[in-house]
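As structure tokens, the structure follows; a few thoughts come after it.
Chain letters run A, B, ... following the sequence lines, proteins first, then strands; residues in each count from 1. Remember, predicted model here, so these are calculated numbers, not experimental data.
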Amino acid sequence: MDESNRASSYLDEPANSRLFLVTSKSITEEIIREHFSTFGEIQDIWVVKDKHTKESKGVSFVKFSKSSQACTAMEEMHGRSLAEGTKPIKVFIAQARSSGSHRDVEDEELTRIFVMIPKSFTEEDLKETFKEHGDVEYAIIIRNKNTGESKGLGYVRFHKPSQAAKAIENCDKTFRAILAEPRTKNSSADNDYFSNPRLEHSGNDPGSSSYAFAHESSSFAPGGDTWSSDIITRCLMVSSRAAVTQEQIYGLFDLIPGMDFCEMQIDQYGFSKGQVVVRFNNLGSAVYAKEKLNGFEYPPGNRLSVSYIDDGEDRTSPVGKMAMQLVAAQMMSMVWNGPCGAQLMKTSAGYTAPPVSQKSRVQTDVALPSLKKLVSPDGTVKERLFVIFNPSPLPVDVLEDLFCRFGSLMEVYLVPGRNVGYIKYSDRNSAHDAIALLHGKVVNGVKMKVMLADPPKEESHKRQRTY
DNA sequence: CGACGGGACGC
DNA sequence: CGACGGGACGC
């Protein structure tokens, strides 16, 4: 085989680039190569033989470098005889080695693609766009069933697998074209892992992401600076239904600076009751720990409960708030940078505190305008900001809190693994106001450069991005 | 200096 | 009917 592509031919990559052939046992690798090399770069041919007799079992695999090459070869060669007196061959796209299935891959699974498109696209636009890659049987757009509004997603069905493969390989990358999952097996892809909590979100159903903080509204005087009369202490009780170790809880709460005590509670027989006492050396850290970790799923599926327990001191409010603000910046930085912390942040994002506590999560000398509602992220982006954070990015919820104050905020996006992000506005003035007020400023201990974003790089001049 | 994710269909 | 080898990445 070609040593230049050993790695890529070893796996089924790209997808659907390997053929499964059924032939007469007399058909050799050389004969196969003669007939198939015209369709593209062959990375590997393997004629399956009996281990002992070395006789062909009439089964072969042909690995191409591209799916479109394999599909074209399949379409052209299926049913043809490769040598005098030999039976017509069968040609299929091979099942991925990892799939374990030996079922024939059907054209049905290879001819429909799934694409992301501008919301303004019609079915006709979609069909027109993709017909350059092959015969389009139909193009449909996924719409909201009530409003008829496009979801910015569509399907395109081609007549041949090679056409769908070419569309995926060659269409503008902003379409993010992939093969569509066959529809019959009731959409296992309808999950929603990527949804971000937004400021206007106010779901209150138990079990929803906001449940964990629903009761905390009473801990704050709405819009004010003082605590209610609920006790606040440096000492927390962590309760878990599932078995957890003291070390696990220690690791979790140690993400927050200032923990000085973590002890699993055991009964008189020495058994754990699923309760761990955690104490911090300052009120702010304790408040922060409760806010971030109450309701946190750890391990996944097990919702931790965190509440204050009386330690006989530290009941006053202003101190707690000051301490919390100080510890917030450190917490954010740590959580964002550490691998464990990143996971915590990602998962706990669903437990972002409701607007009542916003005042305390943004700490800055800047005189900020009041909170404004976010606008739909699906509208037209009029201006985009590019923000650089030093030393590390602020969390998305803090950024929404901050950048919504100029109005028309659509979306905050942080580039993974980098200290930069983008802010989308549906109104130019909002973006410019944000630059004027926030460029060069420090928020929660993080210095920001706020400027207009360059336009996204275009892979092609044929199509526009949706923003 | 410091730059680009996301995603599923009425039988 | 007709489904998975040989070789070996490089901390």
Do Arg183(A) side-chain and dC11(B) base share a donor-acceptor contact under 3.5 Å? no

With centres under 5.5 Å and planes under 30° as the test, does Tyr422(A) stack with dC4(B)? yes

Out of dA3(B), dA8(B), dC4(C), whichever nucleotide has its closest atom nearest the side chain of Asp454(A): dA3(B)

Using atom CG of Leu153(A) as one end and atom P of dG10(B) as the other, report the distance to the nearest whole Å. 12 Å

Please pick, from dA3(C), dC1(B), dG6(B), the nucleotide with the shortest atom-to-atom distance to any side-chain atom of Glu411(A). dG6(B)

For a quick test of reading the model: is some side-chain N or O of Arg418(A) closer than 4.0 Å to OP1 or OP2 of dA3(B)? yes

Give Arg157(A) one of three labels, base, sugar-phosphate or nothing, depending on what nucleic acid heavy atoms sit under 4.0 Å from its own. nothing

Would you kindly give the CZ-to-C1' distance between Phe175(A) and dG5(B), to the nearest whole Å? 17 Å

NA contact type, Ile140(A), heavy-atom cut-off 4.0 Å: base, sugar-phosphate, or nothing? nothing

Would Phe386(A) count as stacked on dG2(B) if the rule is ring centres under 5.5 Å and plane angle under 30°? no

Among the nucleotides dC1(B), dG7(B), dG5(B), which one has an atom lying closest to any side-chain atom of Met116(A)? dG7(B)

Separation of dC9(B) atom C1' from Glu149(A) atom CD, nearest Å, is 17 Å

N/O donor-acceptor pair, side chain Lys90(A) with base dG2(C), under 3.5 angstrom: yes

Side-chain donor or acceptor of Arg112(A) under 3.5 Å from a matching atom on the base of dC9(B)? yes

Given atom CG of Asn390(A) and atom P of dG2(B), what is their separation to the nearest angstrom? 9 Å

Between atom CE in Met451(A) and atom P in dC1(B), what is the gap in whole Å? 12 Å

Checking dG7(B), dG10(B), dA8(B) against the side chain of Ala180(A) (C-beta onward), the nearest is dA8(B)

Nearest to the side chain of Phe114(A), heavy atoms from C-beta on, is which of dG7(B), dC9(B), dC4(B)? dG7(B)

Let me know the distance between CD1 of Ile117(A) and P of dC9(B), rounded to the nearest Å. 14 Å

Classify Asp104(A) by what it touches in the nucleic acid, base, sugar-phosphate, or nothing, heavy-atom distance under 4.0 Å. base

Within the modelled atom types, does a donor on one side and an acceptor on the other bring the side chain of Glu181(A) and the base of dG7(B) under 3.5 Å apart? no

Write down the distance between CG (Leu414(A)) and P (dG6(B)), rounded to a whole number of angstrom. 14 Å

Which listed nucleotide (dG2(C), dG5(C), dC9(B)) is nearest to the side chain of Phe92(A)? dG2(C)

Check whether any side-chain N or O of Asp135(A) sits under 3.5 Å from a backbone N or O of His159(A) as a donor-acceptor pair, and report yes or no. no

Supply the atom-to-atom distance Glu109(A) CD to Asp104(A) CG, rounded to the nearest 0.5 angstrom. 9.5 Å

Is it the case that the side chain of Asn144(A) and the backbone of Asn146(A) share a donor-acceptor pair, with hydrogens and angles ignored and the cut-off at 3.5 Å? yes

By centroid distance (under 5.5 Å) and plane angle (under 30°), are Phe20(A) and dG2(C) in a stacked arrangement? no

Side chain of His102(A): nearest nucleotide among dA8(B), dC4(C), dG5(B)? dC4(C)

Against the six-membered ring of Tyr138(A), is Arg157(A) placed for a cation-pi contact (under 6.0 Å from the centre, within 45° of the normal)? no

Counting distance alone, no hydrogens or angles: does the base of dG5(B) have a donor or acceptor under 3.5 Å from a partner atom on the side chain of Lys173(A)? no

How is Lys57(A) classified with respect to the nucleic acid when contacts are heavy atoms under 4.0 Å: base, sugar-phosphate, or nothing? sugar-phosphate

Look at the side-chain N and O atoms of Arg97(A) and state whether any lies under 4.0 Å from the OP1 or OP2 oxygen of dA3(C). no

Taking the six-membered ring for Trp, does Phe61(A) stack with dC4(C) (centroid gap under 5.5 Å, planes within less than 30°)? yes

Base dG5(C) to side chain Asp44(A), donor-acceptor N/O within 3.5 Å cut-off: yes

With no hydrogens and no angle check, do the side chains of Ser17(A) and Lys63(A) hold a donor and an acceptor under 3.5 Å apart? yes

Counting the atoms with a prime plus P, OP1 and OP2 as sugar-phosphate, which does Ile388(A) contact under 4.0 Å by heavy atoms, base, sugar-phosphate, or nothing? base

Could you tell me whether Arg143(A) and Glu123(A) have a side-chain N and a carboxylate O separated by less than 4.0 Å? yes

Where do Arg33(A) and Glu29(A) land on the salt bridge (Lys or Arg N to Asp or Glu O under 4.0 Å) test, with the steps shown first? CA-CA 6 Å; Arg33(A) 189 179 303 277; Glu29(A) 173 179 336; 3.0 Å; yes

Using whole Å, report how far CG of Leu21(A) lies from C1' of dC1(C). 15 Å

